[in-house]
S.K.: 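Below: one structure in structure tokens.
In what follows, chains carry the letters A, B, and so on, assigned in the order in which the sequence lines appear, proteins first and then strands, with residues in each chain numbered from 1. This structure is a prediction, so every number in the text was calculated from the model and none was measured.
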Amino acid sequence: MDLALTDADLAFQAEVREFIDTYWPEDVRRARATSSRFEESRGHSPEVRRWIDALNERGWAVPNWPQQWGGTDWNPTQKYIWDKETAKAECPQLSAFGARMLAPVLYTWGTDAQKNEFLPKIREERMIWCQGYSEPGAGSDLAGLATRAVREGDEYVVNGTKLWTSGAHVADWMFCLVRTESGAKKQEGISFVLIDMKTPGITVNPVYILGGIHSVNEVELKDVRVPVENLVGEENKGWTYAKGLLTHERTGIAGVARSEVQLARLKRIAQETGMDGGSLWDDPAFRTRVTELEVDLEALSVTELRVLAQVAQGGAPGPESSILKIRGTEIGQAIAMMTIEAFGYYGMPYPEQTLIDNEGPIGNPYVMPTMKGMLYGRASSIFGGSNEIQKNIISKAVLGL
Amino acid sequence: MDLALTDADLAFQAEVREFIDTYWPEDVRRARATSSRFEESRGHSPEVRRWIDALNERGWAVPNWPQQWGGTDWNPTQKYIWDKETAKAECPQLSAFGARMLAPVLYTWGTDAQKNEFLPKIREERMIWCQGYSEPGAGSDLAGLATRAVREGDEYVVNGTKLWTSGAHVADWMFCLVRTESGAKKQEGISFVLIDMKTPGITVNPVYILGGIHSVNEVELKDVRVPVENLVGEENKGWTYAKGLLTHERTGIAGVARSEVQLARLKRIAQETGMDGGSLWDDPAFRTRVTELEVDLEALSVTELRVLAQVAQGGAPGPESSILKIRGTEIGQAIAMMTIEAFGYYGMPYPEQTLIDNEGPIGNPYVMPTMKGMLYGRASSIFGGSNEIQKNIISKAVLGL
Amino acid sequence: MDFSLSEEQTLLKDSLERFIQNDYDFDTRRKVMAGEEGFSRENWKQFAELGWLAVPFAEEDGGIGGGAIELMIVMEQLGRGLVVEPYLATVILAGGALKYAGNEAQKGAYLGAIIEGSKMGALAFAEPQSRFNLADVATTAAADGDGYVLSGHKAVVLGGPSADFFVVSARTSGGPRDADGITLFLVDGDAAGLSRRDYPTVDGLRASEVTLDGVKVGADAVLGTIGGGHAVLEQVIDEATLAVGAEAVGGMEVCYKDTVEYSKQRVQFGQPIGKFQVLQHRMVDMFMEYEQAKSMMYLAAMRLDEGYGAVAKKAVSGFKVQVGKSGRFVGQQAVQLHGGMGMTEELNIGHYFKRLTMIDTTFGNVDFHLKRYGAV
Amino acid sequence: MDFSLSEEQTLLKDSLERFIQNDYDFDTRRKVMAGEEGFSRENWKQFAELGWLAVPFAEEDGGIGGGAIELMIVMEQLGRGLVVEPYLATVILAGGALKYAGNEAQKGAYLGAIIEGSKMGALAFAEPQSRFNLADVATTAAADGDGYVLSGHKAVVLGGPSADFFVVSARTSGGPRDADGITLFLVDGDAAGLSRRDYPTVDGLRASEVTLDGVKVGADAVLGTIGGGHAVLEQVIDEATLAVGAEAVGGMEVCYKDTVEYSKQRVQFGQPIGKFQVLQHRMVDMFMEYEQAKSMMYLAAMRLDEGYGAVAKKAVSGFKVQVGKSGRFVGQQAVQLHGGMGMTEELNIGHYFKRLTMIDTTFGNVDFHLKRYGAV
């Protein structure tokens with residue numbers, strides 16, 4: 001039992017750091033972290049493109065994929081180092097829907113044609129995906145979805161409405177859960193299909209999130225014709241594939257490294273925020289609360305390591321990895337709220353973009369991205385299986401209740 | 001809308017204070033508050049007897065009863081003043097089971113014979129009562145009780161086991177819920193009977209509570225013969241009477257005044273507890289937490305006043321008075337835990353009584369009563385309808401869920 | 001001991017309730033906010049006609065002589081409607097300073113105009129370094145003949161964009177953060193040397209950064225005594241704290257009630273989500289937080305009306321602590337229980353959440369008021 | 001990165017598990033506690049035979065050279081069994097001081113005896129005024145010829161009643177609360193001038209108030225360097241903090257698992273109470289608190305084994321913070337969910353609750369360790 005890194009690990013860490021310093025240097029980081037263009041910062045600037053190209057060239061774009069599709073042979077410690085270092089430098093990640101959500105389904109259950117067609121484009125971020133799961137009547141109860149696909153010859157005809165579809169307005173393709181058989185148990189009769197967003201019959205309506213952020217959408221599907229070769233795996237087995245995903249990569253979902261960055265930033269902001277002639281950081285009450293969060297986060301980071309160690313020994317992360325999602329989102333939200341609190345009155349300004357472009361930020365330059373992140377982050381405990389659902393899962397699967 | 005006391009109220013307050021100073025003077029208070037004989041302090045010392053006799057002489061023993069049975073004509077503000085002042089001085093109260101639980105049932109539904117026989121004795125605390133409600137299989141689900149009473153001539157023959165019966169080992173009588181009709185809905189077929197504890201067939205077994213406290217008991221009833229004139233109200237209507245009680249006097253259950261005394265004591269203990277050359281009270285972290293509790297408690301005290309004001313306007317306290325129980329017990333428990341924490345290492349000693357008698361308390365003289373109170377106080381969120389049950393009630397009755 | 005409203009107070013409450021109910025639905029509010037000024041002059045005129053702008057002012061000044069309880073009544077209802085018109089800025093903050101410190105001439109010049117709705121004002125008290133410390137004033141007022149020259153930066157001045165005049169705190173003597181030596185000045189909105197950078201706030205209001213660059217004012221611009229501005233500020237801010245707290249209580253009421261309603265409608269797993277015990281208890285907690293905040297609101301209002309002093313300050317701080325905690329919990333849980341819908345601009349819930357979040361750091365957060373509560 | 005136990009560690013764990021399982025059921029424990037000494041000399045002999053008393057000591061001293069991880073393994077299991085034998089007092093506290101500060105002669109005289117179970121000890125470090133500050137030592141040691149004269153009052157000395165010898169911290173120089181100038185002394189249990197007032201603790205242990213009234217000791221009684229005792233104390237207490245924390249983790253495991261089991265058996269309202277969603281989520285929270293505490297336990301143990309310094313201190317304090325919070329929550333909820341049964345002396349749950357409550361204030365409460373965590 002020990003936490004020490006081997007010499008090989010340390011060498012790898014140095015290599016990673018050098019790579020990051022080259023392709024995602026300090027000045028780029030700061031500019032991105034203080035950008036008030038929250039939504040755009042999720043898209044592709046030239047700096048991001050350069051980073052992704054460099055990743056692909058180095059073979060580090062998709063460390064967790066099978067090697068034959070561009071993955072690495074890293075051991076769990078190396079993966080951990082990679083996650084930690086890239087998070088610390090706030091490096092951009094490949095769009096999660098393609099690289100983390102869809103790809104595992106494809107390389108596990110896809111046809112060769114599907115793999116050859118899609119995996120390279122995802123890896124190079126030349127094809128952006130969105131996820132068509134939730135619907136107006138199917139949120140936490142995902143299996144209650146009503147979008148219907150009826151087979152007509154070589155095509156499925158899809159009708160229905162998807163909701164909360166992140167990035168549908170910029171996506172090239174959507175992977176989608178549709179009902180192909182009715183009358184069956186709710187979880188049965190669902191299929192997993194890939195839909196080109198340029199197909200006639202698709203309408204994307206923006207849903208503005210608090211703070212005017214456009215990130216999620218409503219996607220209307222009206223007689224959308226999808227070739228049967230875009231079915232993944234077997235018909236009516238889609239729920240199994242999607243559910244497998246939900247426990248997959250759950251470690252990443254804790255957002256430990258990201259929260260560590262945010263917490264360090266919160267401390268810096270508190271040190272730079274004036275209070276009674278000193279700084280907010282001198283205030284024992286505030287400091288105590290930050291320290292409490294720090295302990296919470298450290299505990300979670302070790303819990304994550306424990307889960308990683310299980311995986312390394314060949315085990316799958318058990319349902320107890322749900323802890324990571326629950327505590328991770330709670331901590332992330334608490335850090336965001338406390339950062340807003342640190343700004344004091346300067347948490348309020350929410351100027352139009354043009355005002356910032358012309359005259360610079362108001363108060364602290366981190367306010368706008370923090371505020372948008374805080375507002376957007378309220379979704380973290382709702383989307384992807386709300387924390388209440390996660391607790392139901394633990395109750396059943398771990399405690400046997 | 002105002003909180004001011006009228007001149008008449010102020011005069012009344014002065015009168016009450018003088019009465020208390022005469023019959024429950026400062027030196028008696030302190031001796032009681034530091035007594036490690038927790039269980040005995042619930043019984044009758046000469047000082048307590050003197051206090052109760054004085055109350056009866058003055059006509060203040062049972063302020064809330066109807067005047068014809070010895071109650072007062074006080075308005076709600078006067079009652080509030082009385083509760084506050086007696087709590088502040090930690091005056092002993094009449095045994096709650098007789099005076100607060102049974103008496104309202106008797107003066108509302110009892111026969112004249114029952115009223116004449118029991119009410120004066122309760123008022124003078126010459127007859128001690130215990131409450132036979134809970135059973136091994138009927139805790140939160142009180143209506144699930146199984147003790148059975150079968151009518152034989154002029155008697156009921158009672159068989160069953162009661163549990164968590166406070167003070168059964170010192171009680172003269174027990175008021176008891178028994179099942180007189182089976183097959184009916186759970187809440188129906190229950191009757192409310194009065195049982196002389198000297199009746200053959202009753203065995204009282206102590207149940208020791210954490211810390212070795214003997215306060216609750218198991219009461220076995222084996223062919224216990226109860227005269228039918230000891231039935232209160234109608235047969236099979238007992239649940240209605242008992243349930244009425246559960247919302248009755250719910251304001252007292254908040255324990256606001258008691259918590260105020262405990263909080264003031266906690267502050268004093270913190271001021272007297274050394275830390276880094278100063279006192280624990282100088283520690284901002286500790287002080288912040290105490291202040292948080294203080295705000296919680298102040299909010300609750302106003303909520304209690306609001307409920308009292310409703311009652312004063314002729315309304316019954318609504319189900320929102322459940323807040324008082326929930327928050328009241330949470331705050332009371334938190335104060336107790338924080339007081340234990342204030343003692344530091346001196347929270348640990350739990351000497352035998354003889355050791356204290358011979359050599360005095362170890363560390364702070366408040367440790368033993370605080371510890372016993374803390375341990376016993378864990379029951380406050382369990383007994384009398386657990387806080388979870390209280391929330392179910394609010395959910396249904398107030399929120400309509 | 002009495003928690004009931006007088007007949008006049010009930011009438012006041014009813015008139016606000018009617019307005020919120022009939023004239024201020026969520027869509028109307030959205031349109032108002034999207035306008036140039038971010039609020040409606042029409043509404044403001046109506047506020048004047050209904051007498052709301054006169055509430056806290058003495059009858060001899062044309063007001064109706066309301067106290068803290070009347071302010072509480074108004075703000076609780078404005079909070080229920082998430083009203084964006086700058087009532088707080090003009091009536092409570094700028095108007096409050098005039099009420100407590102203005103001489104006859106100043107009251108004559110400004111209060112009547114406020115009450116009839118023809119002038120709007122703002123109180124410029126915060127500065128970039130000051131956080132919640134009212135005595136932390138770096139803006140200077142240097143004597144200049146009979147008058148003064150003001151220079152400095154005032155931060156996040158609520159209602160700044162629409163202000164015809166400002167009440168500005170500036171230092172006439174003493175060191176940084178001395179309570180003594182702060183003087184309040186009346187400064188015209190178009191005074192030479194005063195510039196504003198206007199912006200919307202995240203919770204739908206408007207505010208300004210106000211820069212004073214050698215702004216000259218006459219001796220008649222001094223509001224109250226020279227060097228004695230801190231005491232005035234403290235009282236005004238305490239009333240304003242009651243006001244935003246009451247606004248939060250109004251917001252919490254909507255949040256918890258709408259959540260209960262939503263939970264009865266929204267079906268998942270074959271039943272209304274309000275049937276799930278965990279959500280039931282969560283809503284009970286929301287209800288309890290709301291009730292506790294309401295209790296502290298009553299206490300603070302009544303204490304302020306008994307007279308301004310240590311007892312009132314403590315009650316106000318206790319209320320703000322409670323509002324900070326309750327508001328956060330209720331706002332966050334309302335969003336959580338509404339699921340994705342709670343996250344949208346489209347539904348009202350998220351907007352209450354934003355306002356509740358911002359109220360937490362307005363006039364001092366929980367830490368600040370806990371300390372103050374423990375100290376007085 | 002490796003969270004698995006070595007083969008030897010697994011054997012150690014198994015031997016403890018077996019003992020708790022087979023020889024330390026709740027009734028046996030109760031009988032042991034009711035005895036004169038409050039623990040069983042028989043058990044102690046068995047601990048010696050099983051090698052547990054040798055765990056933290058170097059092989060050249062007759063130990064098995066275990067580190068923090070081995071201590072953690074032992075204490076977690078002792079915590080599961082709520083074992084009352086004074087392992088902490090003798091092996092970790094008194095033994096720890098000897099291990100880090102003892103010279104060859106002292107180790108020879110005491111460690112062998114501890115390991116074979118023939119001597120018990122206690123560490124007298126706390127004083128009535130000291131709270132958790134190890135440098136707050138008012139007990140004095142005045143030079144007296146070659147030796148010293150000790151006077152003072154040592155508070156709540158765990159294992160005091162059964163101690164054959166004490167390690168006592170006393171001031172040889174410096175002012176109150178100076179870290180420098182504290183010296184550790186070995187004092188015989190029957191030394192003239194040493195008196196004890198023995199008592200049980202609320203969580204089932206035994207302790208003493210120890211009064212030193214001109215106790216004379218020779219120069220050979222000095223443990224470690226003169227005036228350098230604070231550093232030794234700090235390291236010993238940090239190991240002991242890991243130890244009681246691990247004990248708490250063991251206790252929490254029993255609490256949450258027993259609660260889950262109980263909730264499956266106990267029927268109310270026609271179904272097992274474990275079917276109520278609110279209780280399900282509560283138990284999930286208990287589980288999560290337990291897991292988080294366990295994570296911090298591993299971290300603290302591994303950091304201590306990497307070497308004693310700032311990183312280790314921080315990890316220990318972080319662990320103690322987590323244990324304080326988790327232990328409280330898990331203990332209180334275990335009682336709450338067991339209902340009346342949780343309140344009784346008869347059931348084990350309440351006894352875990354008591355021990356968890358006391359561990360919170362042993363070697364520093366949450367406030368203390370949060371501050372220390374933030375400072376290092």
Side-chain angles (χ1 to χ4, degrees), chain A residues 134 136-141 143-144 163-164 186 207-213 216 273-277 280 283-286 288-289 333 337 340-352 355-356 359 362-364 367-368 371-372 374-376 378-379 381-383 386-388 391-392, chain C residues 126-133 135-136 155-158 176-177 197-205 207 209 266-270 273 276 278-279 282 324 328 332 335-346 349-351 353-354 357-358 360-368 370-371:
Chain A
S134 294
S140 287
D141 180 17
L163 193 58
W164 315 124
K186 276 202 314 184
V207 176
Y208 292 97
I209 287 294
L210 287 179
I213 299 164
V216 301
T273 299
M275 178 166 156
D276 297 333
L280 173 58
D283 178 29
F286 193 84
T288 298
R289 291 194 290 136
Q333 291 178 339
M337 289 302 277
I340 299 294
E341 208 183 328
F343 292 134
Y345 287 112
Y346 273 129
M348 298 184 88
Y350 201 76
E352 310 286 342
L355 194 68
I356 304 181
E359 305 181 41
I362 293 162
N364 193 306
V367 169
M368 284 293 281
M371 180 57 78
K372 288 185 173 180
M374 183 282 273
L375 294 170
Y376 194 75
R378 297 313 307 179
S381 53
I382 298 172
F383 291 162
S386 71
N387 283 1
E388 288 81 9
K391 287 192 184 178
N392 286 346
Chain C
E127 301 189 358
Q129 83 294 339
S130 69
R131 203 163 171 82
F132 309 125
N133 184 347
D136 193 340
V156 196
V157 181
L158 288 171
R177 295 177 301 287
R197 181 177 174 187
D198 301 338
Y199 49 82
T201 67
V202 70
D203 48 349
L205 307 179
E209 299 299 289
R266 172 74 174 167
V267 172
Q268 291 280 279
F269 303 104
I273 62 172
F276 291 102
V278 159
L279 303 191
R282 194 86 55 82
R328 248 169 213 231
Q332 292 179 6
V335 170
Q336 180 73 19
L337 269 60
H338 274 82
M341 287 308 297
M343 290 287 304
T344 63
E345 283 276 305
E346 192 183 327
I349 285 300
H351 298 269
F353 163 67
K354 290 196 295 184
T357 304
M358 286 300 104
D360 182 30
T361 46
T362 302
F363 310 133
N365 63 350
V366 172
D367 290 343
F368 177 87
L370 260 181
K371 211 164 156 184

S.K.: So what's closer than 4.5 Å to chain C heavy atoms on A:Ser134: side chain, backbone, both or neither?
M.R.: neither
S.K.: Looking only at heavy atoms and a cut-off of under 4.5 Å, which of C:Gln336, C:Arg177, C:Arg328 has the most pairs with chain A?
M.R.: C:Gln336
S.K.: At a 4.5 Å cut-off on heavy atoms, which part of C:Met343 comes close to chain A: side chain, backbone, both, or neither?
M.R.: both
S.K.: Taking all non-hydrogen atoms of both residues, which atom of C:Gln268 and which atom of A:Asp141 are closest, and how far apart?
M.R.: OE1-N, 2.7 Å
S.K.: What part of C:Pro128 gets within 4.5 angstrom of chain A, counting heavy atoms only: side chain, backbone, both, or neither?
M.R.: both
S.K.: Is C:Phe363 close to chain A through its backbone or its side chain, or both, or neither, when contacts mean heavy atoms under 4.5 Å?
M.R.: both
S.K.: Taking all non-hydrogen atoms of both residues into account, name the closest pair between C:Thr344 and A:Val207 and its distance.
M.R.: CG2-CG1, 3.6 Å
S.K.: Of the non-hydrogen atoms in C:Asp367 and A:Arg289, which two are nearest, and what is the gap between them?
M.R.: OD2-NH2, 2.6 Å
S.K.: For a quick test of reading the model, state the closest non-hydrogen atom pair linking A:Tyr345 to C:Phe132 and the distance between them.
M.R.: CE1-CD2, 3.9 Å
S.K.: Which bit of A:Leu375 comes within less than 4.5 Å of chain C, counting heavy atoms only: side chain, backbone, both or neither?
M.R.: both
S.K.: Testing the basics here: between A:Arg378 and C:Val335, what is the closest heavy-atom pair and its distance to 0.1 Å?
M.R.: CB-CG1, 4.3 Å
S.K.: Check each atom of C:Leu370 against the heavy atoms of chain A and say whether the ones under 4.5 Å are side chain, backbone, both or neither.
M.R.: neither
S.K.: Taking C:Gly340, C:Gly350, C:Gly342 one by one, which has the highest count of heavy-atom pairs under 4.5 Å against chain A?
M.R.: C:Gly340
S.K.: Name the region of C:Ala155, side chain, backbone, both or neither, that has any atom closer than 4.5 Å to a heavy atom of chain A.
M.R.: both
S.K.: Among C:Val202, C:Thr361, C:Leu205, C:Asp203, which has the most heavy-atom pairs under 4.5 Å with chain A?
M.R.: C:Val202
S.K.: What are the two closest heavy atoms between A:Ser140 and C:Phe269, and how far apart are they?
M.R.: O-CZ, 3.5 Å
S.K.: Roughly how far, to the nearest 0.5 Å, is CG of C:Asp198 from CD of A:Glu352?
M.R.: 12.0 Å
S.K.: Between C:Ile273, C:Leu158, C:Val156, which shows the greatest number of heavy-atom pairs under 4.5 Å with chain A?
M.R.: C:Val156
